[in-house]
Amino acid sequence: MEAEILERSYNPENIEDRWFRFWMEEGLFRNTIREGRPNFCIVIPPPNITGSLHMGHALNNTLQDILIRWKRMSGHNTLWQFGIDHAGIATQNVVERQLSSEGFDRHRIGQERFVERVWEWKKESGGTITKQLKRLGASCDWDRERFTMDEGLSDAVKEVFVRLYEEGLIYRADYIINWCPRCHTALSDLEVNYEGVKGSLYHIKYPFPNSRDGIVVATTRPETMFGDTAVAVNPEDKRYKDSVGMEVMLPLTGRRIPVIADSYVDQKFGTGALKITPAHDPNDFEIGIKYNLGLIKAIDEKGSMTENAGPYKGLDRYKCRKKALKDLEDQKLLVKEESYEHSVGHCYRCHTVIEPLVSKQWFVKMSSLAMPAIDVIKRGEIRIIPSHWEATYFEWMNNIRDWCISRQIWWGHRIPAWHCKDCGQITVVRSEPGICKHCNGRNIEQEEDVLDTWFSSALWPFSTLGWPHSTRELDTYYPTSVMVTGFDILFFWVARMIMMGIKFMGDIPFHDIYLHALVRDESGQKMSKSKGNVIDPLLMMEKYGTDPFRFTLTALTAQGRDICLSEKRIEGYRHFANKIWNASRFVMLNLDGFSSGKPKKESLADRWIIHRLNIVTKDVTCALEEYRFNDMAGLLYQFWWHEFCDWYIEMAKDALAPDADTLDRQAAQETLVTVLDQGLRLLHPVMPFLTEHIWQNIPHNGKSIMVASWPVYDKERDDPEAEKQMTMLMEIIRGIRNIRGEMNISPGVRLKAIIKTQDQETGDIIMRHSRYIISLARLETMECGVEMVRPKASATSIIQGLEISVSLEGVLNFKEESERLKKELKKLDRDLEVLHKKLANEDFITRAPSDVVTKEKGRSSELSEKKKKLEIILKTITKCMEDAGLH
RNA sequence: GGGCGGAUAGCUCAGCGGGAGAGCAUCGGCCUUACAAGCCGGGGGUCACAGGUUCAAUCCCUGUUCCGCCUACCA
């Protein structure tokens with residue numbers, strides 16, 4: 001690749017697409033397995049086929065990409081397994097909508113044709129999210145893309161279903177389930193969102209036969225009364241003691257139902273009498289079983305009333321409610337209506353109010369699967385990060401309920417079960433059996449229901465690697481390294497993967513679970529289309545560049561905290577990208593005559609920045625190891641901007657000047673290239689495009705920064721002496737700049753500085769590096785030594801025992817300077833007061849650790865010393881003011 | 001109802017038993033030829049409230065208030 005001079009400023013447009021293509025063409029994303037290397041594997045949380053990239057995806061995949069790129073550079077065998085989820089209900093909804101716009105519905109074209117239509121749709125629109133993830137720079141092994149509905153994964157699904165069925169862990173039963181009347185399917189408990197809804201609590205009188213008296217029940221859903229099979233009261237309830245065992249008449253239909261007593265009923269709620277509708281309420285269902293009440297279905301799968309509702313038959317459930325209430329009122333049986341807020345289940349896909357229904361469905365028995373999945377977390381075989389999610393996990397797993405896995409839709413894995421019309425038995429096998437296993441009859445039909453999408457997702461960590469076949473990838477990468485996902489699907493997905501992994505692979509699916517936060521808007525609101533507060537990641541990437549966008553997400557990803565994203569932050573980090581761009585540009589413009597090699601003459605600044613680079617390498621690596629993404633970003637930001645750019649580059653300028661010593665220049669060039677190279681590598685996982693582009697244009701070895709080695713901390717390169725000396729020089733420079741700033745002296749004015757040291761040695765160090773101070777503090781001259789005398793008309797700072805005076809002959813405003821010193825003294829007094837109090841405390845001296853005491857004593861004497869010096873200076877200033885007649 | 005998390009600068013957030021931090025915003029001074037998407041400097045906080053533990057608390061414990069979130073069968 002030919003080097004090019006960088007443009008004057010960072011412009012992401014021209015570089016992102018280009019380098020992504022380069023990586024693809026070079027096959028750098030591809031998983032390569034080499035013996036003797038550690039393995040690192042992430043299976044992607046599969047995006048929905050219907051999806052397009054939102055902030056959650058952007059965050060989730062940025063973090064995964066950071067980990068994968070880091071491990072790839074560290075020399076691991078790496079696989080980031082990509083794939084897509086068929087999203088049963090969501091996809092079916094999309095295609096149904098399409099059909100309806102053409103004037104069809106799915107029942108008219110039939111299941112087979114419908115499924116074909118979905119595949120057609122997938123071919124056209126299914127690739128959207130893939131393209132978008134590539135735009136984000138995701139370094140998945142794109143050649144290994146899998147789809148939950150493809151052949152291999154479907155085999156895995158069948159295999160698992162059959163084995164669970166054979167073990168008795170899958171069963172079919174009549175049970176109360178959550179029914180979505182719009183999607184026309186059963187849903188698992190997790191797929192129902194409960195929301196507070198303002199409704200009413202209706203008090204309805206159920207009369208005794210041949211009596212005007214009766215029992216008043218309270219309900220939020222009067223339309224379900226046609227399915228009532230009893231009225232229940234608390235056995236302790238004195239009001240109803242005599243009624244238990246009697247019968248009441250169901251209003252509007254006149255059917256008789258018994259009054260029963262059960263302690264489940266809360267005397268204090270409503271009227272203390274509860275209507276029992278086993279076919280339409282999960283609790284009532286339980287009570288129904290307990291008392292053998294039978295099931296009367298009043299509402300059908302479309303949400304309309306059944307013949308059991310008598311004259312209301314065929315009415316929509318809400319229309320029926322309205323009409324029934326009016327009729328009850330006419331009959332004076334509606335005793336009271338009070339407004340009441342309660343929570344109502346909604347379909348998580350289409351937001352329709354869920355109807356609890358009794359229906360024949362397939363279930364997975366969970367308790368025996370859950371137990372080992374609890375243990376692996378307890379034993380620490382799988383770590384959840386941040387760990388506080390463990391409690392939530394245990395809570396759910398310990399109270400786990402059976403999982404309803406059948407869905408009455410057409411898009412999904414059809415349940416591999418065949419019903420025999422002759423003997424009524426079920427045959428569950430891996431492939432079309434042809435005959436009934438029980439009676440050998442040929443009159444069999446496959447179950448129409450399909451499986452919950454999460455059933456196939458639960459197998460994801462091994463099905464994508466080839467299971468049930470034995471493959472090299474499966475051998476190498478299972479258990480995978482880490483699962484990176486949002487906490488919102490901890491139960492939906494993560495827990496189920498653990499259970500299935502243990503069950504079918506005999507091993508955990510991953511070692512770590514990193515649960516990241518939700519991305520919210522800047523005021524902490526969940527982003528949603530209806531609120532109109534969504535920030536579109538694609539728009540952000542276009543506007544500010546992918547790298548700054550990724551960096552922003554990374555910098556905001558603190559463990560256990562939600563992310564409040566504002567566009568301002570992205571803009572800010574674009575400035576950071578520009579800074580890196582320009583620092584690199586500076587280096588490239590100063591490489592005349594550069595030849596790589598160990599410098600013969602290192603300056604203090606060279607030693608210092610190499611030392612800092614080494615430390616940052618250690619810290620960044622450590623942050624990654626602990627999933628502290630925000631710390632990683634912060635460390636890199638600080639190092640690049642405030643150490644490399646603000647200090648090292650400025651200090652190197654002298655050495656690069658045309659008239660500078662050749663050896664100095666060589667050392668500076670070598671250092672600049674080294675820091676740039678290593679600094680870019682450290683940054684690459686977060687900002688892949690920018691770093692690749694720059695890296696390709698500086699002296700480098702290797703094909704791509706993507707596969708350049710990850711920098712390694714080397715204890716030998718620690719240089720605490722350089723750090724110490726630089727810190728002192730930096731503080732001196734800051735001290736002089738501070739005076740300039742506070743005194744409002746323009747940067748154009750060159751100053752004279754006089755530094756009085758306490759010992760000769762320090763003076764020598766300062767003099768040896770005076771060029772840094774002269775240049776960065778913009779001095780004309782600098783003198784330094786033990787014997788220095790402060791000029792009368794000068795402003796002074798005390799730093800590390802040094803008395804730094806800036807001569808301001810003729811320009812010093814004595815009043816201003818005395819104010820400045822007084823301010824400084826006031827601050828000192830405050831600090832000293834605290835310290836004195838502490839040191840005067842006998843308990844502190846005796847009980848605090850001795851190093852703390854020593855430190856505080858040292859600080860105290862340092863500050864006292866400083867105070868003394870400042871007071872003397874203030875005195876002379878005051879005297880000067882008096883002499884000049886100022887007050 | 002149960003559980004979890006949060007309350008730190010104007011904003012968004014780190015930190016966490018011994019000297020209150022960052023980015024952005026703000027104010028003052030600068031076109032100092034890598035960068036005005038920049039440089040230099042400044043101001044700004046009883047670390048929600050009340051107790052307790054400790055030589056020492058923003059940090060640990062208890063309680064209160066307010067905000068999120070998860071979870072649950074009160075009709």
Side-chain angles (χ1 to χ4, degrees), chain A residues 6 8-10 194 201 217-221 224 232 264-266 268-277 281-287 340 342-343 356 386 388-389 391-392 395-396 399 487-488 490-491 518 520 522-526 544 548 555-556 558 560-566 568-569 571-590 628 630-631 634 637-638 642 645-646 649-650 653 733-734 737-748 775-778 831 834-835 838 841-849 851-853 855-856 859 863:
Chain A
L6 294 180
R8 283 190 71 84
S9 62
Y10 165 66
Y194 288 88
L201 189 62
V217 301
T219 179
T220 55
R221 304 197 55 203
T224 63
Y264 165 76
V265 181
D266 180 356
K268 289 190 284 288
F269 188 88
T271 60
L274 170 65
K275 66 194 252 338
I276 303 294
T277 323
D281 182 284
N283 306 306
D284 295 4
F285 183 79
E286 300 293 336
I287 292 174
Y340 179 64
H342 60 133
S343 72
H388 67 254
W389 285 104
T392 313
E395 174 68 19
W396 190 71
N399 298 301
F487 60 80
D488 49 329
L490 181 60
F491 307 138
L518 235 56
R520 299 171 182 284
E522 53 195 317
S523 54
Q525 296 284 309
K526 212 165 170 170
Y544 301 105
L556 293 175
R561 275 257 203 168
D562 280 345
I563 293 175
C564 297
L565 185 67
S566 74
K568 267 265 168 277
R569 292 300 291 257
E571 194 185 343
Y573 287 119
R574 190 176 102 128
H575 297 172
F576 177 54
N578 186 55
K579 190 73 181 174
I580 290 163
W581 183 272
N582 275 291
S584 307
R585 195 164 163 266
F586 172 82
V587 175
M588 288 160 69
L589 292 171
N590 282 285
R628 287 181 286 111
N630 61 326
D631 285 344
Y637 189 98
Q638 174 69 24
H642 298 304
C645 292
D646 286 354
I649 286 185
E650 292 308 320
K653 279 178 179 171
I733 292 163
R734 269 196 215 106
R737 282 171 171 176
N738 176 279
I739 290 170
R740 186 193 290 274
E742 299 260 286
M743 292 291 156
N744 264 327
I745 300 161
S746 147
S775 153
L776 298 195
R778 305 189 66 76
D831 290 349
V834 174
L835 277 171
K838 209 179 224 182
N841 185 343
E842 189 78 17
D843 286 331
F844 174 72
I845 305 293
T846 51
R847 308 183 81 148
D851 58 317
V852 173
V853 178
K855 201 173 131 203
E856 297 293 73
R859 251 189 84 219
L863 293 188

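The sequence lines fix the lettering, A, B, ..., with proteins before strands; numbering per chain opens at 1.
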With sugar-phosphate meaning primed atoms plus P, OP1 and OP2, does [X] contact a base, only sugar-phosphate, or nothing at under 4.0 Å between heavy atoms?
X	answer
A:Arg737	sugar-phosphate
A:Tyr340	sugar-phosphate
A:Arg8	sugar-phosphate
A:Glu742	sugar-phosphate
A:Asp266	base
A:Pro282	nothing
A:Phe576	nothing

Atom CG of A:Asn578 and atom C1' of B:rA34: how far apart are they, to the nearest Å? 10 Å
If you compare every side-chain N and O of A:His342 against the phosphate oxygens of B:rA75 (OP1, OP2), does one of them come in below 4.0 Å? no
Test the A:Lys653-A:Phe586 pair against the cation-pi criterion, namely NZ or CZ under 6.0 angstrom from the six-membered ring centroid and within 45° of the ring axis. yes
Are A:Glu571 and A:Arg574 close enough for a salt bridge, meaning some N to O gap below 4.0 Å? no
Please find out if less than 6.0 Å separates the ring center of A:Tyr573 from that of A:Tyr544. no
